[in-house]
Amino acid sequence: MKVTIHDVAKYAGVSIKTVSRVTNKEPSVKQATVDKVNAAIKALNYQPNQSARSLAATKSYVIGFVYDNPNAYYVIDMQNGILSACREQGYELLIHPCDATDEAISDKLIELVRQARLAGLVLTPPLSEDPEVLKALDSIDANYVRIIAGAEGSNTSGLSVLVDDRSGAVQITDHLLSLGHRDIAFLTGEMSHQSTLERLAGYQQAMSAKGVSIPQDYILEGKYSFESGVTGAKRLLELENRPSAIVACNDEIAAGVLVAARLVGVDVPGELSIVGFEDSPFSRQTWPKLTTVHQPNEEIARVATRVLIATRQQQKAPRATVFVPEAVVRDSSSGFAG
């Protein structure tokens, strides 16, 4: 027969209410009692019913992950990180893809929070950067944590996990400059994403620091997609003064650049160096393997969820945590003697 809360209470020699307080992680329970109840739970292999807990208590134990991102690798990393943090604290995870361009997105998220009785939301770009979405969630006192591009000292409100994309872009551009490249182009993702603006600013900062001017046609706006990389690279490689290196705003774009170079017979990295951003599986599945910037998305998501849950449980947690990506040098970049 299925083990019940009554069995745990009897085994531990405590009341049912005490078991409930322990499984709900209420801070007022003595540690000795917590240890005794947890030992009983482990011995009996008791699995608390999360739905029942949410219905029986004023608190919910469901975290929502809402996203609008076409990169499956990014979504999977985020999902795994959030799920691991939820399991640590006895929470469930609700995954909800959505369309950030939907005019009714704010109303739909309010409806989701209320109907699913969510304990909190993990927001990723572009939703985490949308002031109307944040305003709507604040209007119903929803709990949420934002994963956004930014650096130490960034002016952010509420719980945030910052990814210092600018620093990562400076590092990867400096890598190309150190190899002797000066004709370095940049392919952006959507300009509505703060990550795009930060990565572009990092590229420009590194070039300026070395006194290297950037031709106007070396920066092409695009999307965070493979197809955008192919299209942008073809345009760059048709230029009379074509670049010797290309910085792509993410690895999918970089993979598209690699294919475009191959289609027109440009050797990588002999004639063209290519670098990406994020260190997704794309970067390790191409040939040659991509030089890129490592962004620990799973750990970022895990930390964001821990902060969200800790704050909700009235535990101390940092209002903002910063991750600094690091360059990873592989085979798609090499020295330039020209």
Side-chain angles (χ1 to χ4, degrees), residues 50-51 54-55 58-83 85-86 91-150 154-163 165 188-199 221-228 249-250 252-253 278 297 300-301 304-305 307-309 311-312 319-320:
Q50 305 296 344
S51 298
S54 293
L55 291 172
T58 57
K59 289 184 177 180
S60 167
Y61 293 87
V62 181
I63 297 295
F65 170 38
V66 292
Y67 66 90
D68 180 6
N69 192 310
N71 186 336
Y73 294 119
Y74 177 85
V75 172
I76 290 170
D77 280 346
M78 285 287 150
Q79 176 182 315
N80 289 340
I82 297 169
L83 185 59
C86 285
Y91 281 68
E92 298 284 355
L93 172 60
L94 174 68
I95 301 169
H96 187 79
C98 59
D99 179 4
T101 64
D102 187 340
E103 292 182 359
I105 185 61
S106 295
D107 292 334
K108 289 181 178 180
L109 288 180
I110 288 176
E111 183 180 6
L112 173 69
V113 171
R114 286 175 169 166
Q115 288 191 352
R117 300 185 69 248
L118 296 180
L121 286 169
V122 178
L123 301 176
T124 57
L127 295 167
S128 59
E129 302 164 349
D130 187 330
E132 292 304 315
V133 166
L134 304 179
K135 183 179 178 181
L137 294 175
D138 288 338
S139 73
I140 60 169
D141 293 323
N143 300 305
Y144 61 84
V145 60
R146 303 164 63 203
I147 298 175
I148 53 177
S154 296
N155 183 21
T156 59
S157 59
L159 294 179
S160 303
V161 171
L162 303 169
V163 183
D165 286 326
T188 81
E190 286 87 346
M191 297 303 289
S192 59
H193 288 227
Q194 187 64 28
S195 58
T196 298
L197 302 181
E198 291 294 321
R199 293 171 192 180
E221 294 184 15
K223 297 182 178 181
Y224 281 112
S225 69
F226 175 87
E227 292 77 13
S228 183
C249 219
N250 77 347
E252 284 191 72
I253 298 172
E278 290 178 9
N297 289 326
I300 289 169
T305 309
V307 167
L308 177 63
I309 293 174
T311 302
R312 184 172 177 274
R319 301 297 292 177

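Here the side chains of I147 and V122 are in contact, with some heavy-atom distance below 4.5 Å.
In this structure F226 satisfies the ring pair (Phe, Tyr, Trp, His ring centres under 6.0 Å) test with no other residue, sequence neighbours excluded. Residues satisfying the ring pair (Phe, Tyr, Trp, His ring centres under 6.0 Å) test with Y73, not counting sequence neighbours, are F282. Shown here are the side-chain contact (heavy atoms from CB on, under 4.5 Å) partners of T196, two or more places apart in sequence or in another chain: T188, M191, H193, Y224, C249. Qualifying salt bridge (Lys or Arg N to Asp or Glu O under 4.0 Å) partners for E198, counting only residues two or more places apart in sequence or in other chains: R166. Qualifying side-chain contact (heavy atoms from CB on, under 4.5 Å) partners for T311, counting only residues two or more places apart in sequence or in other chains: L159, V307, A317, R319. Contacts of A119 classified as side-chain contact (heavy atoms from CB on, under 4.5 Å), with partners at least two apart in sequence or in another chain: S60, I63, Y91, R312. Under the side-chain hydrogen bond (donor to acceptor under 3.5 Å, both in side chains) criterion, N71 pairs with E252, sequence neighbours left out. Applying the side-chain contact (heavy atoms from CB on, under 4.5 Å) criterion to I76, with sequence neighbours excluded, gives N80.
Atom CD1 in I300 sits 9.5 Å away from atom CG in D77 (nearest 0.5 Å). F65 CZ to L83 CG: the interatomic distance, rounded to the nearest 0.5 Å, is 11.5 Å. Rounded to the nearest 0.5 angstrom, Q115 CD and I110 CD1 are separated by 12.0 Å. D165 CG to I148 CD1: the interatomic distance, rounded to the nearest 0.5 Å, is 10.5 Å. With values rounded to the nearest 0.5 angstrom, S225 atom OG is found 8.0 Å from N250 atom CG.
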Q: Carefully, step by step, assess L308 and N143 under the rule side chain to side chain contact (heavy atoms under 4.5 Å, CB included).
A: CA-CA 8 Å; L308 177 63; N143 300 305; 4.1 Å; yes
Q: For L134 and R146, run side chain to side chain contact (heavy atoms under 4.5 Å, CB included): C-alpha distance rounded to whole Å, both residues' side-chain angles, the deciding distance at 0.1 Å, then the answer.
A: CA-CA 9 Å; L134 304 179; R146 303 164 63 203; 3.6 Å; yes
Q: For L121 and L127, run side chain to side chain contact (heavy atoms under 4.5 Å, CB included): C-alpha distance rounded to whole Å, both residues' side-chain angles, the deciding distance at 0.1 Å, then the answer.
A: CA-CA 11 Å; L121 286 169; L127 295 167; over 6 Å; no
Q: Walk me through it: do D99 and I105 pass the test side chain to side chain contact (heavy atoms under 4.5 Å, CB included)?
A: CA-CA 7 Å; D99 179 4; I105 185 61; 5.9 Å; no
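Residues in residues 105-114 take part in these salt bridge (charged side-chain N to carboxylate O under 4.0 Å, His left out) pairs, two or more places apart or across chains: D102-K108. Among residues at least two apart or in separate chains, side-chain hydrogen bond (donor to acceptor under 3.5 Å, both in side chains) pairs with a member in residues 121-142 are D138-Y144.
Smallest separation of non-hydrogen atoms from A142 and V113: CB-CG1, 4.4 Å. Closest of all the heavy-atom pairs between S228 and G222 is OG-CA, 3.4 Å. Closest approach of L93 to I82, counting heavy atoms only: CD1-CG2, 3.6 Å.
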